[in-house]
Amino acid sequence: MSTKRVLVAYGTKHGATAGIAEQIGTTLREDGLDAVVLPADDVHDVRAYDAVVLGGALYAGHWSSKAKHCAERNAASLRHRPVWMFSSGPLDRSTEEHDIPPVSAVAREMQLIGAREHMTFGGSMTAHTPGFLAKALNRQGKGGDFRNPERIQKWAHHISAEIVAA
Ligand SMILES: Cc1cc2nc3c(=O)[nH]c(=O)nc-3n(C[C@H](O)[C@H](O)[C@H](O)COP(=O)(O)O)c2cc1C
């Protein structure tokens, strides 16, 4: 049986979501899959992949437009392969306490594509994040890196298991 190819695509503004995507890619590779990690803007054809993981950052209640446009641009092909989606956002530990459902636009994309599952991961906004609002929130002590490597890895292992079993 040939190694399954998996695309992990991400829509990011400041890199936190890219970091999550890279960790998912690394874990999928450790599990024996051929995983490629790409910015969502660079994804124009997913037909070379057996499965796709697509993530986007949340800003003001909206999922990354880069991730959304990627889903829309590739909808016809995504419908024919297993797809998982994730969001990177909350700047607290809430994602570790309970599941945070996808925002409505993501739920709509998932339905259109027939995506299997969605996960919300804690985000990251540090003193290095550019932008007035980010700086102001950091000054108020509201920033931090809330990405949880164990949770990300656990979800990636779960995806590998489903892909291998398919
Ligand atoms: C101006 C601003 C607005 C944000 N709005 C949300 C939001 O509505 N929901 C959320 O969960 N996180 C929100 N966040 C947190 C970001 O989603 C988080 O920092 C994310 O990991 C950033 O990803 P990126 O670095 O890939 O762009 C916001 C952050 C900033 C700076």
Side-chain angles (χ1 to χ4, degrees), residues 6-30 35-44 46 49 51-75 78 83-113 115-160:
V6 187
L7 172 67
V8 184
Y10 60 87
T12 185
K13 247 190 201 173
H14 300 307
T17 313
I20 295 172
E22 288 293 350
Q23 209 202 329
I24 292 171
T26 301
T27 306
L28 297 180
R29 283 191 289 273
E30 284 166 5
V36 175
V37 182
L38 288 177
D41 275 350
D42 292 353
V43 177
H44 298 285
V46 299
Y49 301 97
V52 176
V53 182
L54 176 62
L58 291 168
Y59 283 93
H62 295 281
W63 205 47
S64 157
S65 58
K66 295 172 189 173
K68 183 169 179 282
H69 292 152
C70 176
E72 286 166 353
R73 201 165 54 241
N74 293 288
L78 289 171
V83 175
W84 288 262
M85 291 190 175
F86 70 90
S87 303
S88 125
L91 297 168
D92 54 29
R93 298 269 168 226
S94 55
T95 58
E96 290 162 32
E97 284 148 19
H98 52 91
D99 279 346
I100 298 187
V103 297
S104 57
V106 178
R108 244 188 338 268
E109 295 298 336
M110 288 183 70
Q111 205 167 15
L112 277 173
I113 284 162
R116 290 195 176 191
E117 222 175 85
H118 171 274
M119 183 66 82
T120 302
F121 293 112
S124 175
M125 186 188 62
T126 66
H128 304 292
T129 307
F132 168 77
L133 262 171
K135 299 258 180 271
L137 288 168
N138 264 295
R139 268 198 302 277
Q140 292 167 30
K142 294 192 173 141
D145 188 347
F146 295 93
R147 294 170 295 176
N148 178 328
E150 286 85 41
R151 265 192 90 226
I152 297 166
Q153 203 176 34
K154 189 173 168 205
W155 193 59
H157 281 313
H158 157 74
I159 291 174
S160 313

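Just follow the structure's listing: the first ligand is 1, and inside any ligand the first atom is 1. Since this is a predicted model, take the numbers as computed values, not measurements. Values below: every heavy atom of this structure, side chains too, minus hydrogens, waters and symmetry copies. For this chain, numbers begin at 1 and follow the sequence in order.
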A.B. asks: Using a 4.5 Å cut-off on heavy atoms from C-beta on, say whether the side chain of Tyr59 contacts that of His14.
C.D. replies: yes

A.B. asks: Identify all side-chain donor-acceptor contacts of residues 136-145 below 3.5 Å with residues at least two apart in sequence or on another chain.
C.D. replies:
residue : atom : partner : partner atom : Å
Asn138  : ND2  : Thr126  : O            : 2.9
Asn138  : ND2  : Ala134  : O            : 3.2
Gln140  : OE1  : Lys142  : NZ           : 3.0
Asp145  : OD1  : Arg147  : N            : 3.1
Asp145  : OD1  : Arg147  : NE           : 2.9
Asp145  : OD2  : Arg147  : NH2          : 2.8

A.B. asks: For Lys154, does the NZ atom have more than 12 heavy-atom neighbours from other residues, nucleotides or ligands under 6.0 Å away?
C.D. replies: no

A.B. asks: If we ignore hydrogens and angles and just use 3.5 Å, is the side chain of Trp63 paired with the main-chain N or O of Ser104 as donor and acceptor?
C.D. replies: no

A.B. asks: Which protein residues have a heavy atom under 4.0 Å from ligand 1?
C.D. replies: Thr12, Lys13, His14, Gly15, Ala16, Thr17, Ala57, Leu58, Tyr59, Ala60, Gly61, Ser88, Gly89, Pro90, Leu91, Gly123, Ser124, Met125, Leu133, Ala134

A.B. asks: Would you say Phe121 and Asn148 make side-chain contact, with heavy atoms under 4.5 Å?
C.D. replies: no

A.B. asks: Within the 3.5 Å criterion, strictly below it, is a donor on Thr27 or His157 matched to an acceptor on the partner's side chain?
C.D. replies: no

